[in-house]
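Comments concern the structure below.
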Amino acid sequence: MDLIIFFATFVFALFGEVSGQSSCASTWGQCGGSNFNGATCCVSGATCSVLNPYYSQCVPSTQKVSGSSSTGSTSSTGSTGATISSTISTSNQGVTTTSTYTTSTSYSTGTATQPEYPSANASSCGSWELVDNVCCPYYCLSNNESESCTSGCTGGCGSPPSSMCKSGTMWGEQSTVGSDEDWHYSRSTHFGLTSGGACGFGLYGLCTKGSVTASWTDPMLGSTCDAFCTAYPLLCQDPSNVTLRGNFAAPNGDYYTQFWPSLSAASSGDPDNYLSCGECFELIRTKADGTDYAVGEDGYTDPIYLEIVDSCPCDANSKWCCGSGADHCGEIDFKYGCPLPEDSHHMDLSDIAMGRLQGNGSLADGVIPTRYRRVPCPKPGNAYVWLRDGGGAYYFALSVVNTNGVGSVTAVEVKSAGQSSWVALDHDPNYTSSRPQERYGAWVLPQGAGPFSLPIGIRVTSPDGQQIVNEGAITTFTAPTGSVAGFYYIDLGVQFT
């Protein structure tokens, strides 16, 4: 029989054991369904559950049913006692299972202490200064428009505090996000069009189609975005009543690089090990004095939503991105320009976002006053992974994109076909420790962890404790016909709430 994949609601119904049968189906095996002639009982510790008229599956009995639901949502209690809400989809041969678990796990915040940075050579900093083993800007203290220090400087040369150039030392973690987050005053510059930035998102977030502004949003990409949006139309689609695609941001590098050396930190109750890639913000252009334009007033543009796909490192952009009280900008005169308010960070924007805020794609103003706030990410459809070219049984790299809710990801795990254990991926280790704000956001298979057999399962965890699972996500390392060369995205079939 051809493989038929059913994405169905997780409706539980209890079946008694069938007497006289010599063997029962194993956990997660098929135990019933139209025209099914196999065992209709389950091994000890599992219960036969009806997913649809054609397929029933042996589900671990530790996931006890509290009641069936026509909407596909159930509550159960796992072996750890954590409350779990589950939605499961499965194939009729048990190859692909996708599920979403929302656990009651609560993370503590602000408990990690940034360890001392390893010794570094000053030559790794180029024209910047090595301060506490990290590269920091080195500029003229008497000229707050300078980005370097030359022999002509009359006020002496100096650097900002090293905390501005490290990771996770200024901005606290935010493992949840609500609809009533605080507003912050800031200013925004723009940095062009780039394929994915340091988060490693590729063309996701950059390409936007089907809007009146499409004629000016993709001038540097042209047919590449056309092909991408044809292959992955959902990843070019805006949420309802929100302008999002093409709008991406790079906040202060210290905000972006909220990671810690130990990737096991989250499992011990401390989530301070993740990049802020994928988080979302609402951004409004204000007047020079920080007040809002009235709707219809000359200068008014609609608010936009942004997604973080990059960082603005202090050591590479000292004029704008060193944080409150330490940035070195002097060519603007509006109220919230320089220095930044203490509770705000700088927002470097894509040209697309800046063009929308200035109107009709204009980039005439290189820097504008803004106000922003964190918002839950309104992502249409499912989460995806961008699987890099050249992957195989012993090594592969990926990024998780289009994640709803909090937006960022704390952990990515993979599982080889036929295996029961999950292997945690590492953030790409190929970065310079003296420039922690420039770390790349991809996830890679740890050295020596292979080989992995197809299909490979993927499990992703968000900062608020949710997990999404696809037991057979990667079925091939070769991009299918129709995908854009180098940009192979896989639909995980599930999404965070």
Side-chain angles (χ1 to χ4, degrees), residues 144-145 160-161 163-164 169-174 177-191 242-244 247-258 276 279-314 317-359 362-377 407 437:
N144 83 349
E145 295 183 17
S163 61
M164 306 292 180
T169 55
M170 295 162 53
W171 306 99
E173 295 290 352
Q174 188 169 355
V177 58
S179 58
D180 57 349
E181 302 292 331
D182 292 337
W183 286 96
H184 302 270
Y185 289 95
S186 184
R187 68 336 168 69
S188 295
T189 53
H190 60 99
F191 58 88
V242 171
T243 301
L244 177 67
N247 300 336
F248 49 92
N252 291 21
D254 182 77
Y255 177 85
Y256 158 85
T257 49
Q258 295 175 347
S276 51
E279 292 181 356
C280 295
F281 290 83
E282 183 179 7
L283 192 70
I284 294 173
R285 182 182 184 179
T286 72
K287 297 179 180 180
D289 63 359
T291 59
D292 288 347
Y293 289 96
V295 177
E297 182 181 0
D298 186 33
Y300 171 84
T301 53
D302 290 332
I304 62 172
Y305 272 40
L306 301 136
E307 184 171 2
I308 294 179
V309 305
D310 208 342
S311 70
C312 189
C314 177
N317 199 338
S318 57
K319 234 184 330 189
W320 303 111
C321 299
C322 286
S324 175
D327 46 2
H328 212 63
C329 53
E331 57 260 51
I332 48 180
D333 58 3
F334 43 78
K335 183 175 181 180
Y336 298 104
C338 183
L340 283 170
E342 289 186 3
D343 61 349
S344 300
H345 57 256
H346 174 78
M347 278 285 197
D348 213 12
L349 308 179
S350 64
D351 283 4
I352 295 170
M354 180 65 87
R356 285 172 169 156
L357 286 173
Q358 291 192 37
S362 173
L363 301 176
D365 296 329
V367 57
I368 60 174
T370 55
R371 65 182 177 97
Y372 70 87
R373 64 172 178 171
R374 273 286 305 277
V375 292
C377 289
Q437 297 175 4

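Evaluation of the side chain to side chain contact (heavy atoms under 4.5 Å, CB included) rule for P303 yields E282, I284, Y300 as partners, not counting sequence neighbours. Looking at residues two or more places apart in sequence or on another chain, you find a side chain to side chain contact (heavy atoms under 4.5 Å, CB included) between A294 and E297. D302 meets the salt bridge (charged side-chain N to carboxylate O under 4.0 Å, His left out) test with no other residue; sequence neighbours excluded. With sequence neighbours excluded, no residue forms a salt bridge (charged side-chain N to carboxylate O under 4.0 Å, His left out) with D343. With sequence neighbours excluded, the residues that form a side chain to side chain donor-acceptor pair (under 3.5 Å) with R187 are D327, H346. Y305 is linked by a ring-ring contact (aromatic ring centres under 6.0 Å, His included) to nothing, counting only residues two or more places apart in sequence or in another chain. In this structure D348 satisfies the salt bridge (charged side-chain N to carboxylate O under 4.0 Å, His left out) test with no other residue, sequence neighbours excluded. Shown here are the salt bridge (charged side-chain N to carboxylate O under 4.0 Å, His left out) partners of E145, two or more places apart in sequence or in another chain: there are none. The side chain to side chain contact (heavy atoms under 4.5 Å, CB included) search around D298 returns none, not counting sequence neighbours. Residues forming a ring-ring contact (aromatic ring centres under 6.0 Å, His included) with H328 (at least two apart in sequence, or on another chain): Y139. Residues passing the side chain to side chain contact (heavy atoms under 4.5 Å, CB included) test with P369, sequence neighbours excluded: T286, F334.
Test C280, S276, C377 against I308 for side-chain contact (heavy atoms from CB on, under 4.5 Å) and you get one pass: S276.
Across L340 and S186, no two heavy atoms sit closer than the pair CD2-OG, 3.6 Å.
If you take CZ on R374 and CG on D182, they are separated by 12.0 Å, rounding to the nearest 0.5 Å. Between S188 atom OG and D365 atom CG the span is 12.0 Å, to the nearest 0.5 Å. Note that CG of N247 is 11.5 Å distant from CG of D351, once rounded to the nearest 0.5 Å. The line from CG of L363 to CG of L357 is 11.0 Å long, rounded to the nearest 0.5 Å.
Aromatic ring orientation, Y185 versus Y336: parallel (interplanar angle below 30°, classes split at 30° and 60°).
For residues 331-342, the salt bridge (Lys or Arg N to Asp or Glu O under 4.0 Å) pairs, not counting sequence neighbours, are K319-E331.
Side-chain contact between C314 and D254 is absent, with no heavy-atom pair separated by less than 4.5 Å. Put simply, the side chain of Y255 does not reach to within 4.5 Å of the side chain of C312, judged on heavy atoms.
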